[in-house]
Visitor: 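Quick one: this structure, given as structure tokens, is what I'll be asking you about.
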Amino acid sequence: MKNKNGFISTAVVYSFLIIFLFIMLAILNSYSDKNKFLEAINDKIEINIGAKEEGKSTLLNKMLSDNITLSTNSINYSNIANSTNGRGLFYEDISSDKRIYFYRGEVSNNYVLFGREFSEDDENTIGNKICWKILHTNLDGSIRLVYSGMLDDNGFCTSSKTYIGMSKYNNNKNDNAYVGYTYGGASKDNYELTHYYDEDKNIIESEIKKELENWYKYNTDLSSYTNIIYSEDLSDKISVKDAYIADTIFCADRSVEDITTSGYGVISTIYGSRLRINLNQKPQFSCSSIDDEYSLSVIVGGVNSNPNSISTPVGLLSVDEVRYAGGAYNKSNNKYFLFNNINYWTMSPDSYENSAKVFNVSSTGAIMSSDVDQEYAIRPVISIKSDALIDRGTGYMEDPYIVY
């Protein structure tokens, strides 16, 4: 209100000032309450995220919760897997505190999606996701996977090309040395120099080993999931993703009954895997000799300082693993999960009888033996750690387990 001189009275000004202060206090209180509300929402979101993180399933737990585990007591490993000779997820007790789980027969819920494969023709591609099939757990709890192609355009693991290429196992076949994934040299006069290293401690890599490790290093992103990655000249450690790939043993069993009278030169020789088949013995997850256990070299962060050390944690199936899965020697079987409609190599020596022979899985699904200079398909095998987390999936080809 104006006074008689035409000016607003002091009382009115004070009144407006008080009202303004009350309004500002109300706004500030409202802002504070809103902040508290938002903070509470954020806290709830963080709690939920944390709970979800804690609730994630590992691949091992998912395997066990999605399947009924069965005893191996009724399995006859001399015959193929079928509805009466093993189909599903089985367990084998290795000792009182060691148990291995393995899939056998015509199972369809053991698919895993992990890693990417790059096209050689396009350096800019982000790569295609790789499908794998679970074989079994290892003694350390890690999980063995076999390559099963790339994810198709529909997001399914239905590729018919479940191998990475073709290769001879070795170029030559006229010596016991050539059954080896690595070897010392041909025309030697004893077992050790033939199979492990020559007089100068040199070793020779098989053709299939070179093909396999080149694929792993240069055509996939799998190296970035290993514990320690070095530069090409081994001078620098390179940063890595989660170290999901485990350093486990790949077995190329070159055991013989008597190393003084067999296993070198052109002497007829039967190797350990063949002996187990001939004698109708059960397959084994362990390796008969530590000298035939391939694992990561100390040079690249592993623990193996022997000549059988490898630079990448990738290998091939052993014939024992194929027998556990449901294959049998010289018996066709298209009703087990390793059937592939193509000949592909294992890393298990068979024999030397006029030529070096290594076991393979034939296009009919039978375990067979072939000269090492034949060109067969390559199916890589890796192991991932038991604590690898699963994003989602049921394990079927249309909905594979997806590893983070």
Side-chain angles (χ1 to χ4, degrees), residues 77 80-81 100-105 107 110-112 130-139 142-149 161-169 179-182 206-209 211-213 215-216 245-246 248-254 271-274 276-277 282-288 292-295 310 312-329 331 333 336-350 357-370 372 374 376-384:
Y77 292 104
I80 63 173
I100 285 180
Y101 296 94
F102 66 94
Y103 287 93
R104 179 174 170 84
V107 296
N110 60 341
Y111 286 89
V112 172
I130 304 174
C131 296
W132 307 84
K133 288 183 180 181
I134 303 171
L135 290 162
H136 58 81
T137 59
N138 299 306
L139 283 174
S142 60
I143 299 166
R144 186 71 52 101
L145 309 176
V146 60
Y147 182 88
S148 194
K161 186 178 181 292
T162 56
Y163 58 96
I164 62 167
M166 308 292 288
S167 175
K168 297 178 180 180
Y169 200 87
V179 303
Y181 193 62
T182 60
S206 63
E207 293 304 308
I208 198 166
K209 179 179 184 292
E211 291 283 344
L212 184 60
E213 293 195 342
W215 170 82
Y216 184 97
I245 295 183
T248 55
I249 291 167
F250 299 96
C251 182
D253 185 1
R254 287 172 288 193
Y271 290 96
S273 298
R274 163 66 79 173
R276 287 190 289 280
I277 291 173
K282 65 175 294 187
Q284 60 186 39
F285 286 111
S286 59
C287 208
S288 297
D292 293 324
E293 294 179 349
Y294 288 85
S295 59
I310 51 180
T312 54
V314 63
L316 299 170
L317 290 163
S318 72
V319 74
D320 291 79
E321 289 175 316
V322 179
R323 293 179 66 201
Y324 273 114
Y329 183 71
K331 295 178 181 178
N333 184 10
Y336 74 123
F337 70 91
L338 289 180
F339 172 73
N340 202 32
N341 205 31
I342 193 171
N343 298 325
Y344 62 93
W345 288 113
T346 75
M347 64 190 301
S348 298
D350 170 36
K357 293 178 172 63
V358 168
F359 283 109
N360 64 279
V361 179
S362 77
S363 59
T364 68
I367 294 172
M368 300 298 289
S369 172
S370 299
V372 294
Q374 299 294 307
Y376 290 158
I378 309 170
R379 295 192 74 181
V381 173
I382 63 171
S383 292
I384 61 174

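What you see below is based on every heavy atom in this structure, not just the backbone, and it leaves out hydrogens, waters and symmetry mates.
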Visitor: Treating Arg104 as the side-chain partner and Arg323 as the backbone partner, does any N or O pair qualify as donor plus acceptor under 3.5 Å?
Guide: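 Pair found, side chain donor or acceptor close to backbone of Arg323.
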Visitor: Could you tell me the separation between the CE atom of Met347 and the SG atom of Cys251, rounded to the nearest 0.5 Å?
Guide: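 If we round to the nearest 0.5 Å, Met347:CE and Cys251:SG are 7.5 Å apart.
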Visitor: Calculate, to the nearest 0.5 Å, the distance between atoms CD1 and CG belonging to Ile245 and Leu145 respectively.
Guide: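 If I round to the nearest 0.5 Å, the distance is 9.0 Å.
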Visitor: For a side chain to side chain contact (heavy atoms under 4.5 Å, CB included) check, start with the C-alpha distance between Glu321 and Phe102, then their side-chain angles and the critical distance, and finish with the verdict.
Guide: CA-CA 9 Å; Glu321 289 175 316; Phe102 66 94; over 6 Å; no
Visitor: Begin from the C-alpha positions of Tyr324 and Ile100 and carry the test side chain to side chain contact (heavy atoms under 4.5 Å, CB included) through to its verdict.
Guide: CA-CA 11 Å; Tyr324 273 114; Ile100 285 180; over 6 Å; no
Visitor: Where the side chain of Asp292 meets the backbone of Arg254, is there a donor-acceptor pair that is under 3.5 Å apart?
Guide: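 The answer is yes, because a donor-acceptor pair under 3.5 Å joins these two groups.
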Visitor: So, for Tyr216 and Val314, which heavy atoms are closest and what is the spacing to 0.1 Å?
Guide: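 The answer is CD1-CB, 3.6 Å.
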Visitor: Nearest 0.5 Å please: distance from the CZ atom of Phe339 over to the OG atom of Ser362.
Guide: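 Phe339 atom CZ to Ser362 atom OG measures 8.5 Å (nearest 0.5 Å).
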Visitor: Any non-hydrogen side-chain atom of Ile277 less than 4.5 Å from a side-chain atom of Phe359?
Guide: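 Yes, close enough: below the 4.5 Å cut-off.
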Visitor: Classify the ring geometry between Tyr103 and Phe337 as parallel (under 30°), tilted (30 to 60°) or perpendicular (over 60°).
Guide: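 Plane angle over 60°, so perpendicular.
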Visitor: Would you call Ile384 and Trp132 a side-chain contact if the rule is heavy atoms closer than 4.5 Å?
Guide: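 In short, these two side chains do not touch, never coming nearer than 4.5 Å.
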Visitor: Mind checking side-chain hydrogen bond (donor to acceptor under 3.5 Å, both in side chains) for Asp350 and listing every partner two or more places apart, or none if nothing turns up?
Guide: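 Asp350 satisfies side-chain hydrogen bond (donor to acceptor under 3.5 Å, both in side chains) with Arg274, Ser369 only.
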Visitor: Do Ser348 and Arg276 have side chains that get closer than 4.5 Å, going by heavy atoms?
Guide: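 Not touching, per the 4.5 Å side-chain cut-off.
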Visitor: For His136 together with Phe285, are the ring centres under 6.0 Å from each other?
Guide: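 For Phe285 and His136, the ring centres are under 6.0 Å apart.
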Visitor: Just checking Tyr163 against Tyr344, ring centres under 6.0 Å apart?
Guide: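 That pair fails the under 6.0 Å test.
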Visitor: Do Arg379 and Trp345 touch side chain to side chain, with heavy atoms closer than 4.5 Å?
Guide: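 In short, these two side chains do not touch, never coming nearer than 4.5 Å.
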Visitor: State, with a plain yes or no, whether a side-chain heavy atom of Ser370 is found less than 4.5 Å away from one of Tyr376.
Guide: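 Sidechains of Tyr376 and Ser370: in contact.
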Visitor: As an exercise, state the distance from CD of Glu293 to OG of Ser288, rounded to the nearest 0.5 Å.
Guide: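 Result: 9.5 Å between the selected atoms.
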Visitor: Could you check if a side-chain atom of Tyr294 sits within less than 4.5 angstrom of a side-chain atom of Thr182, using non-hydrogen atoms only?
Guide: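 Counting from C-beta outward, Tyr294 and Thr182 do come under 4.5 Å.
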Visitor: Could you please spell out the steps behind the side chain to side chain contact (heavy atoms under 4.5 Å, CB included) verdict for Leu135 and Leu317?
Guide: CA-CA 9 Å; Leu135 290 162; Leu317 290 163; 3.4 Å; yes
Visitor: Return yes if some donor-acceptor pair links the side-chain N/O of Asn138 with the main-chain N/O of Ser383 below 3.5 Å, else return no.
Guide: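 Checked: no pair found.
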Visitor: Does Thr137 reach the main-chain N or O of Tyr101 with its side chain, forming a donor-acceptor pair under 3.5 Å?
Guide: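 Answer holds: yes.
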Visitor: For Tyr271 and Pro349, work out which heavy atoms get closest and say how close.
Guide: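 So the two residues come closest at CB-O, 3.9 Å.
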Visitor: Can a donor-acceptor pair be found, under 3.5 Å and without considering hydrogens, that links the side chain of Tyr336 to the backbone of Gly365?
Guide: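 Judged by distance alone, yes, a pair lies under 3.5 Å.
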Visitor: Any side-chain heavy atom of Pro380 sitting closer than 4.5 Å to one from Leu212?
Guide: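 Pro380 reaches Leu212 side chain to side chain.
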Visitor: Could you check whether any side-chain heavy atom of Thr346 comes within less than 4.5 Å of a side-chain heavy atom of Asp320, counting everything from C-beta outward?
Guide: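 Thr346 vs Asp320: side chains apart.
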Visitor: Could you measure the distance from the CH2 atom of Trp215 to the CD1 atom of Ile378? Nearest 0.5 Å is fine.
Guide: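 Trp215 atom CH2 to Ile378 atom CD1 measures 10.0 Å (nearest 0.5 Å).
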Visitor: Working to the nearest 0.5 Å, report the span between CD of Glu211 and OG of Ser206.
Guide: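 One gets 10.0 Å once the value is rounded to the nearest 0.5 Å.
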Visitor: For Leu338 and Val361, what are the C-alpha separation, side-chain angles and deciding distance, and is it a side chain to side chain contact (heavy atoms under 4.5 Å, CB included)?
Guide: CA-CA 9 Å; Leu338 289 180; Val361 179; 5.7 Å; no
Visitor: If I compare all heavy atoms of Ala246 with all of Pro313, which pair ends up nearest, and what's the gap?
Guide: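 Scanning both residues, the minimum pair turns out to be O-CB, 3.9 Å.
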Visitor: Please confirm whether Arg144 makes a cation-pi placement over Phe250, using NZ or CZ under 6.0 Å from the six-membered ring centre and within 45° of the ring normal.
Guide: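 Yes, Arg144 sits over the ring of Phe250.
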